[in-house]
Amino acid sequence: MKKLLTIVAIVSFVAFLVSFFNKIINKDAKNPKLAQSEKGPASAADVDPQILPDPAPNSMSPDVGAKDQKIAGIMRQIGLKRLPFAKKNGFWEVKVRFKSTVKKCEAGDLDLIRIDQKRRSPNSLALSLEDMGKRKNLIFQKIDVTNITNSAFILRWKAETTQTAEPRSLGLYLCSNSRGSNSCSTAAVTDINQVLKNPEPGSDRVYYFQYIQEGEQLALLDTSRSEARNAKGLNQVLSQQSVSAKEAAEVSEKISQSNLLIGSMAALVNETGLTIDLPRNDPACPLPHLQF
């Protein structure tokens, strides 16, 4: 009997020891820090991706999609509309033509341009496309004022921007160039009706202005919207697009003042190019102040 009790006691003690060591082993296995220190550094495959720490703020890539959507929203708000033109071999090609809507007994832009041109040296009318930030000509071409509404022009210039570069601000101008500056951006920006009030030609004058933005696509500013004359809103758009603060302020002020003082109608857009409307008075209703 004593031997039996002794055997039972030994078996119970062994069972206790087995149970005790199993608990210790299981506890260590559930502790990832202890398991890692014993096994060495864990490999990427050993780490649960659900418990990885968040990356440091500086290592996170910016949410480009959200930024682009924000910029697109602001562009729509101020009236910037994307143009359906594509680059060809690294160049933009935009066809520009002029038309003249007839007004009944009312002076139009074309009438005023012809009056002002008559007072100046011959062949001083010019069409130009200029980089407003760098203040340089991309295109400068003389135009015959007597045949302007029957003419079409192909504007072709080298595309400069890439997907990551800041956009380029372009001004499409029609101006007088009697002083030979070969630049419309240096001409005076005033109300075109001053032609009737001031018979002296004075300095060269801008007759027409249209803002175009060049990026991966071209965009045209709708001058019929009041936002097109709001320098603060224009500045906000350019600043959001990574344009330097100085250039954004200068360009937005130029755009605002040009649209406010000249009051040009936005160019009409179709798949082949742009059409600029220069209204004129109906010859059936002669106006004395339009005689020249």
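Because the structure is predicted, anything quoted here is derived from the model rather than measured. All residue numbers in this chain count up from 1 along the given sequence.
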Counting only N and O atoms by type, is there a donor-acceptor contact under 3.5 Å from the side chain of [X] to the main-chain atoms of [Y]?
{"X": "S151", "Y": "N147", "value": "yes"}
{"X": "S100", "Y": "L278", "value": "yes"}
{"X": "E130", "Y": "L138", "value": "no"}
{"X": "D111", "Y": "N281", "value": "yes"}
{"X": "D204", "Y": "S178", "value": "yes"}
{"X": "E93", "Y": "I154", "value": "no"}
{"X": "Y208", "Y": "M265", "value": "yes"}
{"X": "N259", "Y": "A228", "value": "yes"}

Partners meeting side chain to side chain contact (heavy atoms under 4.5 Å, CB included) with N235 (sequence neighbours left out): S239, A248, A249, S252
Set of residues satisfying side chain to side chain contact (heavy atoms under 4.5 Å, CB included) with respect to I143, sequence neighbours excluded: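 By the side chain to side chain contact (heavy atoms under 4.5 Å, CB included) rule, I143 matches F98, L125, L127, I148, F153, L174.
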Disulfide (SG to SG under 2.5 Å): pairs with one or both residues in residues 94-135, sequence neighbours excluded: C105-C285
[X]: which residues meet the salt bridge (Lys or Arg N to Asp or Glu O under 4.0 Å) condition with it, sequence neighbours left out?
{"X": "D222", "result": "K81"}
{"X": "D109", "result": "none"}
{"X": "R119", "result": "none"}
{"X": "D131", "result": "R168"}

[atom1]-[atom2] distance between [X] and [Y], expressed to the nearest 0.5 angstrom:
{"X": "F140", "Y": "K142", "atom1": "CZ", "atom2": "NZ", "answer": "6.0 Å"}
{"X": "S169", "Y": "I255", "atom1": "OG", "atom2": "CD1", "answer": "5.0 Å"}
{"X": "R156", "Y": "F91", "atom1": "CZ", "atom2": "CZ", "answer": "4.5 Å"}
{"X": "I212", "Y": "L172", "atom1": "CD1", "atom2": "CG", "answer": "5.0 Å"}
{"X": "C184", "Y": "I139", "atom1": "SG", "atom2": "CD1", "answer": "12.0 Å"}
{"X": "L170", "Y": "K134", "atom1": "CG", "atom2": "NZ", "answer": "11.0 Å"}

Side chain to side chain contact (heavy atoms under 4.5 Å, CB included) between K99 and T149, intermediate numbers included: CA-CA 5 Å; K99 75 170 187 175; T149 55; 5.9 Å; no
Single-linkage hydrophobic cluster [X]~[Y], side-chain heavy atoms < 4.5 angstrom:
{"X": "L110", "Y": "L196", "result": "yes"}
{"X": "V189", "Y": "L234", "result": "yes"}
{"X": "I276", "Y": "W157", "result": "yes"}

So do the side chains of [X] and [Y] get within less than 4.5 Å of each other, counting heavy atoms only?
{"X": "N193", "Y": "L112", "answer": "yes"}
{"X": "I113", "Y": "I192", "answer": "yes"}
{"X": "V269", "Y": "P84", "answer": "yes"}
{"X": "K95", "Y": "L274", "answer": "no"}

Where [X] and [Y] come nearest, the two heavy atoms and their spacing:
{"X": "W92", "Y": "A86", "result": "CZ3-C, 3.9 Å"}
{"X": "Y211", "Y": "M132", "result": "CD1-SD, 3.9 Å"}
{"X": "S203", "Y": "R120", "result": "O-NH2, 3.0 Å"}
{"X": "Y207", "Y": "I262", "result": "O-CG2, 3.5 Å"}
{"X": "Q210", "Y": "A266", "result": "OE1-CA, 3.3 Å"}
{"X": "Q213", "Y": "L80", "result": "NE2-CD1, 4.1 Å"}

Residue pairs fulfilling ring pair (Phe, Tyr, Trp, His ring centres under 6.0 Å) with at least one residue in residues 102-136, sequence neighbours excluded: none
Ring pair (Phe, Tyr, Trp, His ring centres under 6.0 Å): pairs with one or both residues in residues 166-203, sequence neighbours excluded: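 Every ring pair (Phe, Tyr, Trp, His ring centres under 6.0 Å) pair that includes a residue of residues 166-203, provided the two are not neighbours, is Y173-F209.
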Check against side chain to side chain contact (heavy atoms under 4.5 Å, CB included), R205 and V195: CA-CA 9 Å; R205 183 190 306 276; V195 168; 3.6 Å; yes
Sequence neighbours left out, what pairs pass salt bridge (charged side-chain N to carboxylate O under 4.0 Å, His left out) with at least one residue falling in [range]?
{"range": "residues 227-236", "value": "R225-E227"}
{"range": "residues 173-197", "value": "none"}
{"range": "residues 243-268", "value": "R135-E250"}

Side chain to side chain contact (heavy atoms under 4.5 Å, CB included) between Q257 and L260, worked out: CA-CA 5 Å; Q257 287 299 305; L260 182 65; 4.3 Å; yes
Side-chain donor-acceptor contact under 3.5 Å, N182 with N177: yes
Residues S183, S181; criterion side chain to side chain donor-acceptor pair (under 3.5 Å); working and verdict: CA-CA 5 Å; S183 172; S181 65; 5.4 Å; no
Check against side chain to side chain contact (heavy atoms under 4.5 Å, CB included), L218 and R82: CA-CA 6 Å; L218 296 178; R82 298 193 185 279; over 6 Å; no
